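Notes follow once the structure below has been shown.
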Protein chains: 2
Amino acid sequence: MKNIEIDEEIYQCIVSNTQFIGESASSILRRLLSIEAETQPSTSPKEPVVTKTVSQEPVPVTKPVEVTVAKDINETVFNYVNKEELAMQRGAVGRFLLILAALYRGHTTQFSEVLEISGRDRLYFAKSEKELAESGSSTKPRQIPDSPFWVMTNSNTTRKKMMLTKVANALGYNEDDAEKIRELL
Amino acid sequence: MKNIEIDEEIYQCIVSNTQFIGESASSILRRLLSIEAETQPSTSPKEPVVTKTVSQEPVPVTKPVEVTVAKDINETVFNYVNKEELAMQRGAVGRFLLILAALYRGHTTQFSEVLEISGRDRLYFAKSEKELAESGSSTKPRQIPDSPFWVMTNSNTTRKKMMLTKVANALGYNEDDAEKIRELL
DNA sequence: GATTCGATCGGAGGGATAGTTA
DNA sequence: TCTAACTATCCCTCCGATCGAA
């Protein structure tokens, strides 16, 4: 993966060509550029050409359950994460909250399992600001966007990553996916 | 400026389209995308095509000049402003820069007129950080994204709004549009 | 005296790291 | 005691209201 810096206008142009929630910049650009690469007038620009590339390998329906589930989860969550929005965040806290929000959206019902995750004496997650605030000093509670959950935010990036890993695990992700999630931060 | 993550393939594709030493990703992409953006075979690739989506209502060619101009300007600029992106900014400074960037994009050639706008002793706009910094103390110069211009940032919101109004006027907007622009902040 | 302008300084957010505890 | 895990202090940067200056 490479990071490139582009201006607002280009960014908007790319974003406005998103064809599904969570589509990555690469995916969008591949579509746009490949159409352009042919000097031909674009025929059917709406076709989600790129997408297909990714899901090339047919999902093996016969495979063991765990694998299938993992795949579902994976797709679910990564669709909820908007890479561009992530990249735009000023600091790790913003990304942290965005990722958690995506996980919540993808696992609304089981999400309360994260309440089990906590530090030695501080709580990491709670259903109210107060609860978190009272479990330590300067915990800097923040609400996970569009959810009834709050997170403790006063920690270094390393710990935030650990927290993400724990959340991923609690929600049933395998190591690989947990790693991917962790690395979003 | 935005950072986006793209895969190697896309990256190579972009790089290989460089047309001069030091060309930025934005510049390359602008070329590539504007060719692509028109569903038609590219006629004049330099046209800010993206804009068209929004400008559904045909521009009345027969109307008086002033009106036409105002309309063009209006469309140009408001298309360049992404409301969501604006809303996402943490503070007024972020929005301020975004709006100015949009104005720059819409009026690249005349934009140097803003250099006339200044305070009693401080400069408000300049072509370099240094210039601004030296014109006062703690002016907090910031580059207007994707432009060679810098703005003074150390002021209250009211003054930032005034600055926007002045810029809008300098670029030929009427009171109404200037007001709209000011209110974006 | 009224108004405009400048830039200081308090406040908030972020997060590395020093310090603490198990 | 030594170490690993965890906490929260504290420093830094960014904002922008406020108040003194012109």
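The sequence lines fix the lettering, A, B, ..., with proteins before strands; numbering per chain opens at 1. Note that the structure is a prediction, hence the values are computed from the model and not measured. Just the heavy atoms: all of them, side chains too, but no hydrogens, waters or symmetry mates, feed the values below.
The 5' end of DNA chain C is approached more closely, in terms of each residue's nearest nucleotide, by B:S155 than by the other of B:S155 and A:R90. For the pair B:G94 and A:G136, both in contact range of DNA chain D, the more 5′-proximal nearest nucleotide belongs to A:G136.
Going from atom NZ of B:K166 over to atom P of C:dT4 covers 10 Å, rounded to whole Å. When rounded to the nearest whole Å, the span between CE of A:M152 and C1' of C:dG13 equals 15 Å. Atom CZ of B:F96 and atom P of D:dG16 are 11 Å apart (whole Å). Rounded to a whole Å, the CG atom of B:N156 is 11 Å from the P atom of C:dG6. Atoms CZ (B:R122) and C1' (D:dG16) sit 12 Å apart, rounded to a whole Å. Counting to the nearest Å, the C1' atom of C:dT4 and the CE atom of B:M163 are 15 Å from each other. Straight-line distance from the CG atom of A:L123 to the P atom of D:dA8: 12 Å, rounded to whole Å. The CZ-P distance, from A:R95 to C:dG15, rounds to 7 Å in whole Å.
B:N154 contributes a side-chain N or O that forms a donor-acceptor pair with the base of C:dT8 under 3.5 Å.
Listed pair A:R142 / C:dG15 fails the phosphate criterion, with no side-chain N or O lying under 4.0 Å from OP1 or OP2. At the phosphate of D:dG16, neither OP1 nor OP2 sits under 4.0 Å from any side-chain N or O atom of B:R159. In this structure, B:S138 reaches the C:dT8 phosphate: one of its side-chain N or O atoms is under 4.0 Å from OP1 or OP2. For C:dT21, the OP1/OP2 oxygens have no side-chain nitrogen or oxygen of A:R120 closer than 4.0 Å. At C:dG14, none of the side-chain N or O atoms of A:T153 fall inside 4.0 Å of OP1 or OP2 (strictly under the cut-off).
With contacts defined as side-chain heavy-atom distances shorter than 4.5 Å, the pair B:V167/B:Y173 does not qualify.
There is no path of hydrophobic side-chain contacts, each under 4.5 Å, that joins B:V93 to B:M162.
Residues meeting the salt bridge (Lys or Arg N to Asp or Glu O under 4.0 Å) test with B:E134, sequence neighbours left out: B:K130.
At the heavy-atom level, B:M162 lies under 4.0 Å from the strands shown only through sugar-phosphate atoms. Residue contacts for B:Y124: at a heavy-atom cut-off of 4.0 Å it reaches the sugar-phosphate backbone alone, with no base atom in range.
The number of heavy atoms from other shown groups lying within 6.0 Å of CG (A:D146) does not exceed 12.
Distance from the side chain of A:S137 is smallest for D:dA8 among the nucleotides C:dC5, D:dA8, D:dT7. Checked against D:dC15, C:dG15, D:dT9, the side chain of B:K140 finds its nearest nucleotide in D:dC15. Out of C:dT4, D:dG16, C:dA7, the shortest distance to the side chain of B:A92 is found at D:dG16.
Considering B:R142, B:R159, B:K140 in turn, B:K140 is the only one that fulfils the side-chain contact (heavy atoms from CB on, under 4.5 Å) rule with B:N154.
With no hydrogens or angles considered, a side-chain donor-acceptor pair links A:T165 and A:R182 at under 3.5 Å.
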